[in-house]
Amino acid sequence: MAIEKGLYAAPEGIDDELEMEGESTLEIEIVDPEMVTMSDGSVEITLIPDANISDVMSFDANLAEALDDGQLNELADDLVDMVEADIDSRKDWADTFVKGLDVLGFKYEERTEPWEGACGVYSTVLAEAAIRFQAETMSETFPAAGPVRVKIVGEENKDKEEAANRVKADMNYELTERMVEYRPEHERLLYSLGLAGSAFKKVYFDGTLDRVVSKFVPAEHLVVPYDAADMETTPFAAQIVRMQWNNLRKMQLDGFYRDIPVHPSQAPATDTTDTVDNIDGMRPSNIDYDVTLLEFHVDLELPGFEDMDEEGEPTGIMVPYIVTVAEDVGQILSIRRNYSEDDENRRKIQYFVHYKFLPGFGFYGLGLIHTIGGLSRTATAALRQLIDAGTLSNLPAGFKARGLRIREDAEPLQPGEFRDVDSPGGAIRDSLMPLPFKGPDATLFQLLGFVVQAGQRFATITDMKVGDGNQQAAVGTTVAMLEQGARVMSAVHKRLHYAMKNEFKLLARVMSESLPQRYPFSVAGGDQEVMAKDFDDRIDIVPVSDPNIFSQAQRIALAQTQMQLAMQAPELHDMYEAYRRMYQALGVRDVDKILKPKPAQEAQPKDPATENIDALDQVELRAFAGQDHEAHVMAHLVFGSSPIAAQQPAVAVAL
């Protein structure tokens with residue numbers, strides 16, 4: 001038996017219960033009929049007269065099922081128009097990104113100007129800076145043991161310490177073992193971040209994988225309005241999602257999306273995708289596996305789900321929703337609330353984390369393409385001119401007299417080869433005039449070196465090595481040189497550290513909502529378990545990286561400086577700890593096997609009066625051979641009978 005939405009005649013007698021008069025039947029609008037199959041096979045139907053749609057649908061339901069096709073089509077058209085307008089508004093930003101990708105130089109350019117086979121190499125300034133940034137930040141932000149450490153918020157106690165240890169172990173286990181895509185996605189993010197200046201992570205629970213995921217979202221795949229300031233306050237954000245058709249079909253059958261026909265198709269071609277495909281040496285195939293979805297995180301006022309005041313009247317306030325549109329067919333797959341059920345203020349739930357390389361003038365950040373892209377183009381032009389000048393010097397071209405004939409003149413001369421020449425008379429040099437090529441210019445070569453060094457200085461590719469400089473230099477001088485050479489990258493690393501902290505907070509929130517109350521997981525040496533309540537405000541989850549140190553070279557230099565200070569005044573320092581930190585900075589494992597165990601400080605005998613004071617301070621007392629034990633016992637008995645000791649039973653026990 002199937003009950004559809006619509007108007008139905010009420011069963012006999014229901015008009016009396018509803019105190020209706022005059023008519024024997026009553027039409028009731030069924031918004032979402034509730035049916036329960038009884039044990040005898042009959043069906044019990046609950047009819048709710050005069051009910052609003054929002055009252056009978058569950059909070060997590062797909063609200064698109066309650067709207068008619070006209071409303072859905074109108075909403076889909078409006079959202080698609082909005083995203084297309086926002087894509088047009090950032091066209092200049094996208095063009096700058098594409099032009100920067102062109103000068104990366106991962107492919108050799110076949111040139112026909114100024115002649116066939118002219119030099120097509122690129123300067124490696126931009127590519128080297130991007131690769132160096134990705135490699136250094138990856139090693140700092142994702143060590144082998146895991147990227148997460150924890151800090152206890154407020155006063156420390158045993159329960160907080162145990163919860164912190166569980167959270168740290170579980171999150172590192174999730175990120176290094178269970179979330180197999182996290183490390184590759186993080187590497188892709190860092191490389192794209194260095195070039196484009198902006199990159200995003202999306203943290204959510206994936207029902208298909210049945211676990212938390214943190215996916216990299218390129219900046220070109222996330223569209224925001226022109227005047228957006230940040231992800232927290234923007235009223236509209238659209239993500240371009242490529243999903244496998246098979247996964248989409250699974251989610252449709254599970255009821256997450258509306259069951260409407262959606263067929264696989266090619267991703268829309270853009271200048272960015274064409275440039276990336278050209279760099280990768282790939283092109284679209286004729287077989288389609290994926291579909292294109294537009295996921296809108298937007299504030300709306302949906303009919304039937306309006307925000308109401310205390311009197312039940314619409315307030316006109318828009319509330320946050322997530323609307324998913326199948327771009328190929330232009331139809332809405334789902335509309336879901338994007339706020340917590342118990343949140344009276346209906347605050348938007350955030351899924352995206354914005355990583356910035358350098359803060360820009362608007363929403364998007366600035367990357368290496370924007371900062372040294374021009375220098376890379378200049379270096380490429382100078383490099384090509386120098387190589388072309390050398391080519392012309394080695395294989396000069398020019399003019400020859402009409403009567404001079406050279407056999408096989410279309411082929412260049414090989415070393416040791418002499419070719420026959422038919423000359424009308426006179427010296428051959430009189431019939432040949434080479435063009436006046438100067439060869440590679442020294443000034444142009446110096447300009448190339450200046451441009452390359454300028455780009456490297458900005459990207460701190462030429463950072464100071466540990467062994468450089470005067471080892472006898474003052475400590476303050478060494479630290480100043482480190483700070484001066486790393487200011488730009490240090491600021492970038494602090495922004496990266498801040499974004500990772502926000503990402504870990506989102507991960508903790510999703511884990512607390514999706515994990516069972518007690519969740520077992522495996523670690524080296526045994527099994528542990530974490531509790532959902534551990535992911536609360538008591539524990540602050542932060543990256544393991546140091547926001548003030550962005551490279552191994554900087555860490556070693558600072559450790560070496562600490563060692564230098566300790567050696568200048570060893571009586572004021574713990575030399576064992578200084579050496580241990582130096583080995584840790586060098587990345588040496590099993591430091592305890594290299595360093596001798598730290599000698600324990602031997603306890604010294606004390607007089608009875610001092611031991612009495614230690615008893616008041618609850619310091620452990622110890623007897624030594626050779627002491628006058630009778631005198632000690634007598635002194636302790638006298639002190640133990642005093643009013644001060646009598647008020648503290650623990651003192652008498654210790655004595």
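Note that the structure is predicted; figures quoted are calculated from it, not measured.
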Work out which heavy atom in [X] is nearest to a heavy atom in [Y]; give both atom names and the distance.
| X | Y | answer |
| --- | --- | --- |
| Ile317 | Asp307 | O-CB, 3.7 Å |
| Ala76 | Gly330 | CB-O, 3.6 Å |
| Val212 | Glu181 | O-OE2, 4.4 Å |
| Asn345 | Asp343 | N-OD1, 3.0 Å |
| Gly365 | Ser198 | N-OG, 2.6 Å |
| Leu195 | Ala130 | CD2-CB, 3.6 Å |

pair [X]-[Y]: side-chain heavy atoms closer than 4.5 Å:
| X | Y | result |
| --- | --- | --- |
| Val217 | Lys201 | no |
| Trp245 | Asp290 | no |
| Val319 | Lys348 | no |
| Leu358 | Arg495 | yes |
| Val291 | His263 | no |
| Leu248 | Tyr257 | yes |
| Thr324 | Leu294 | no |
| Arg90 | Val223 | yes |

[X] [atom1] to [Y] [atom2] distance, which is reported to the nearest 0.5 Å:
| X | Y | atom1 | atom2 | value |
| --- | --- | --- | --- | --- |
| Thr273 | His221 | OG1 | NE2 | 7.5 Å |
| Leu190 | Glu187 | CG | CD | 8.0 Å |
| Leu507 | Ser512 | CG | OG | 11.0 Å |
| Gln331 | Ile260 | CD | CD1 | 4.0 Å |
| His186 | Leu189 | NE2 | CG | 6.5 Å |
| Leu72 | Ile335 | CG | CD1 | 5.5 Å |

Is any side-chain N of the basic residue among [X] and [Y] closer than 4.0 Å to the acidic one's carboxylate O?
| X | Y | answer |
| --- | --- | --- |
| Arg346 | Glu341 | no |
| Lys202 | Glu295 | yes |
| Lys356 | Asp230 | no |
| Lys215 | Glu185 | no |
| Lys91 | Asp95 | yes |

Can you tell me if [X] and [Y] form a side-chain donor-acceptor pair at under 3.5 Å?
| X | Y | value |
| --- | --- | --- |
| Ser334 | Arg258 | no |
| Glu503 | Ser214 | yes |
| Tyr182 | Glu174 | no |

Apply side chain to side chain donor-acceptor pair (under 3.5 Å) to His370 and Thr96, showing your working. CA-CA 8 Å; His370 306 88; Thr96 302; 5.6 Å; no

Quick check: does any side chain N or O of [X] sit under 3.5 Å from a backbone N or O of [Y], one acting as donor and the other as acceptor?
| X | Y | value |
| --- | --- | --- |
| Arg347 | Pro320 | no |
| Asp206 | Asp210 | no |
| Thr137 | Phe133 | yes |
| Asn165 | Glu161 | yes |
| Glu306 | Thr315 | no |

Among Ile332, Asn73, Leu302, which one satisfies side chain to side chain contact (heavy atoms under 4.5 Å, CB included) with Leu67? Leu302

Among Val325, Leu333, Asp328, which one satisfies side chain to side chain contact (heavy atoms under 4.5 Å, CB included) with Leu293? Leu333

More than 12 heavy atoms of other groups within 6.0 Å of [X] [atom1]:
| X | atom1 | result |
| --- | --- | --- |
| Lys168 | NZ | no |
| Phe205 | CZ | yes |
| Glu74 | CD | no |
| Phe106 | CZ | yes |

Which residues pass the side-chain contact (heavy atoms from CB on, under 4.5 Å) test with Tyr498, not counting sequence neighbours? Asn502

Pairs touching residues 325-350 that satisfy ring pair (Phe, Tyr, Trp, His ring centres under 6.0 Å), sequence neighbours left out: Phe59-Tyr339

Which label fits His493 and His497: parallel for a plane angle under 30°, tilted from 30 to 60°, or perpendicular past 60°? tilted

Classify the ring geometry between Phe363 and Phe200 as parallel (under 30°), tilted (30 to 60°) or perpendicular (over 60°). parallel

Quick check on the 6.0 Å ring-centre criterion: do [X] and [Y] meet it?
| X | Y | result |
| --- | --- | --- |
| Phe305 | Tyr321 | no |
| Phe296 | Phe236 | yes |
| Tyr351 | His297 | yes |
| Trp93 | Tyr364 | yes |

Determine, stepwise, if the pair Arg249 / Asp254 fulfils salt bridge (Lys or Arg N to Asp or Glu O under 4.0 Å). CA-CA 9 Å; Arg249 186 59 186 156; Asp254 289 341; over 6 Å; no

Do Arg336 and Phe256 meet the cation-pi criteria used here (NZ or CZ under 6.0 Å from the six-membered ring centre, within 45° of the axis)? yes

